[in-house]
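Scroll down for the structure; my scribbles are underneath it.
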Protein chains: 2
Amino acid sequence: MTQLDLEEHPTSAAPANAAPANAAPANAAPANAVPANRVGRPLDVTRDADILDAALDVLAEVGYDGMTIDMVAARAKAGKATLYRRWPSKTELVIDAVACMKNSDIDPDNLPDTGTLRGDMIAMIKPPTIRDGEKKLRVMAGLISLLARNPELADVAHNAVIAPRARLNRILLQRAIDRGEIRDDLDLALIANISPSMVTYRTMMLRKPVDRDFLVSIIDKVILPAVGLGSEDAGRR
Amino acid sequence: MTQLDLEEHPTSAAPANAAPANAAPANAAPANAVPANRVGRPLDVTRDADILDAALDVLAEVGYDGMTIDMVAARAKAGKATLYRRWPSKTELVIDAVACMKNSDIDPDNLPDTGTLRGDMIAMIKPPTIRDGEKKLRVMAGLISLLARNPELADVAHNAVIAPRARLNRILLQRAIDRGEIRDDLDLALIANISPSMVTYRTMMLRKPVDRDFLVSIIDKVILPAVGLGSEDAGRR
DNA sequence: TATATACGGTACCGGCGAGTTTCGGAACAC
DNA sequence: GTGTTCCGAAACTCGCCGGTACCGTATATA
């Protein structure tokens with residue numbers, strides 16, 4: 001119970017900027033102050049997303065230390081100056097790139113509602129979702145050794161990758177509680193992290209692929225028993 | 001040069017040697033094969049363990065990319081030449097250091113045997129074991145981004161850190177099956193990875209401490225239900 | 001048109017770190 | 001002893017990469 005709160009309101013942190021435009025630091029005059037009285041060619045805002053996407057690709061492939069600014073620029077078909085006009089350093093670029101990662105296909109307000117916890121969880125297993133998750137995990141893998149020494153990056157990564165997964169599971173679990181399907185005294189913080197934990201471990205440590213069978217096994221053989229739905233033969237797959 | 005060194009230093013092939021803090025290498029036969037026809041001062045074998053330990057410390061603190069040879073040499077109070085006389089490159093040194101990681105206090109042949117699965121698992125929760133596990137996880141965290149591109153390192157890390165954890169759990173589970181405490185058609189590969197997965201995730205991703213309460217929660221609220229021992233009130237903690 | 005800035009591309013600078021060499025001294029084989 | 005190799009320490013080479021400056025061109029304001 002006491003540890004719940006850390007994962008309960010993680011949205012309170014900074015990144016409210018949905019637009020890929022630059023963040024607060026260094027740049028004296030971000031989006032609103034400058035362009036009013038600025039002359040000359042304006043920044044091409046369409047380049048931002050290309051650069052951030054390129055940064056995430058490189059990050060996922062070679063990690064933070066293996067990533068060079070030239071790689072990102074080349075992948076985005078941009079000049080290095082174009083990057084440094086937007087972000088003051090490699091670190092800031094990476095922080096922005098991670099912060100702007102999108103859920104890509106999962107909408108927290110429009111989750112499957114099948115009437116049963118198992119149905120909801122199975123319904124969330126979709127190839128695009130799996131692929132999106134693997135990409136994010138590869139990005140996280142490239143950042144892990146930095147998190148300990150860069151609290152800002154750790155915060156951003158948590159809000160963009162870690163927290164959303166547990167949050168979705170919590171919503172499904174809470175619904176099941178509300179409809180009386182499962183008990184109401186469960187350790188939701190623990191149970192909501194079962195699947196993220198085992199998927200992450202399988203990807204990063206065991207280096208084995210995450211497929212549908214594995215995800216179904218987690219649901220039927222671990223999560224459902226943990227919430228008291230396992231003994232009935234429903235989930236014998 | 002490389003061939004000679006490979007035969008010379010006691011690496012992964014070395015048997016029970018390479019204890020931390022330079023245990024007596026009395027049985028160290030590694031210097032047997034080569035020095036037959038060698039003249040001059042022999043390699044001081046007691047330096048090897050110091051260097052490997054220093055490498056693991058630095059690795060755990062700053063990760064592979066943050067680690068420099070000078071850091072390791074300084075921590076081991078050795079000269080860089082002393083390192084390069086033993087390992088041809090930074091990568092080889094790290095591979096050897098990881099391969100020589102020891103379980104330090106867990107002996108697979110002498111596990112607790114309390115008569116119940118829960119008792120065995122609870123008995124394995126000991127502060128030294130937790131600390132040892134956290135150190136290994138920090139080392140792993142510093143290597144993750146490399147594993148994808150260095151299969152040899154991935155292999156060594158798997159054998160030294162990943163596999164032993166699951167193996168212990170499997171032994172305990174198999175015992176419980178043999179004595180008829182739990183069913184014999186369980187997915188042991190999945191269940192044996194529950195605890196390693198959740199501990200790893202909590203350490204690396206959530207960046208929260210692993211304490212006794214957390215480990216007990218995993219056992220009582222996740223693992224025991226998964227093996228069919230949850231509904232009885234034994235583990236309600 | 002005149003001015004100012006962004007664009008992709010490239011050359012350049014400075015620091016850092018892997019790996020090598022050298023040094024005075026010490027430990028072993030012969 | 002004598003020669004060879006090891007030791008810790010420090011100086012050195014060399015390539016890589018973050019970051020800057022500059023080019024010719026493109027696109028905006030006035």
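This is a predicted model, so every value here is computed, not measured. The sequence lines fix the lettering, A, B, ..., with proteins before strands; numbering per chain opens at 1.
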By side chain to side chain donor-acceptor pair (under 3.5 Å), Arg202(A) pairs with (sequence neighbours left out) none
Rounded to the nearest Å, what distance is computed from the [atom1] atom of residue [X] to the [atom2] atom of nucleotide [N]?
X        : N       : atom1 : atom2 : value
Met67(A) : dG18(D) : CE    : P     : 8 Å
Leu83(B) : dG8(D)  : CG    : P     : 9 Å
Trp87(A) : dG18(D) : CH2   : P     : 15 Å
Asp44(B) : dG25(C) : CG    : C1'   : 15 Å
Asp50(B) : dC7(D)  : CG    : P     : 12 Å
Ile51(B) : dC6(D)  : CD1   : C1'   : 12 Å
Asp65(B) : dC16(D) : CG    : P     : 16 Å

Is [X] near enough to [N] that one of its side-chain N or O atoms lies under 4.0 angstrom from OP1 or OP2?
X        : N      : value
Arg85(B) : dT5(D) : no
Thr82(A) : dG8(C) : yes
Arg86(B) : dC7(D) : yes

Among [options], which nucleotide sits nearest the side chain of [X]?
X        : options                 : result
Tyr84(B) : dG9(C), dC7(C), dT20(C) : dT20(C)
Lys90(A) : dC6(D), dG19(D), dC7(C) : dG19(D)
Arg47(B) : dA28(D), dG8(D), dG9(C) : dG8(D)
Pro42(A) : dC7(C), dC6(D), dA28(D) : dA28(D)

Ordered by number, residues from residues 68-78 of chain B within less than 4.0 Å of DNA chain D (heavy atoms) are Lys77(B), Ala78(B)
Sorted by chain and number, sequence neighbours left out, salt bridge (Lys or Arg N to Asp or Glu O under 4.0 Å) with Asp211(A) holds for none
Show every donor-acceptor pair shorter than 3.5 Å between a side-chain atom in residues 126-135 of chain B and any protein atom, with sequence neighbours excluded, or say none if there are none.
from, atom 1, to, atom 2, distance (Å)
Thr129(B), OG1, Asp105(B), OD2, 2.8
Asp132(B), OD1, Ser104(B), OG, 3.4
Lys135(B), NZ, Asp57(B), OD1, 3.0

Under-3.5 Å donor-acceptor pair between Arg41(A) side chain and dA26(D) base
yes
What I want to check is whether an N or O donor and acceptor connect the side chain of Lys80(B) with the base of dG19(C) at under 3.5 Å.
yes
When every non-hydrogen atom of Met71(A) is compared with those of Met67(A), the smallest separation belongs to SD-CA, 4.3 Å
Residue pairs passing the salt bridge (Lys or Arg N to Asp or Glu O under 4.0 Å) test with at least one member in residues 64-77 of chain A, sequence neighbours excluded, are Glu61(A)-Arg75(A), Asp70(A)-Lys80(A)
Residue pairs meeting salt bridge (Lys or Arg N to Asp or Glu O under 4.0 Å), one or both in residues 139-156 of chain B, sequence neighbours left out, come to none
For Ser145(B) and Tyr64(B), which I'm curious about, is there any donor-acceptor pair between the side chains at under 3.5 Å?
no
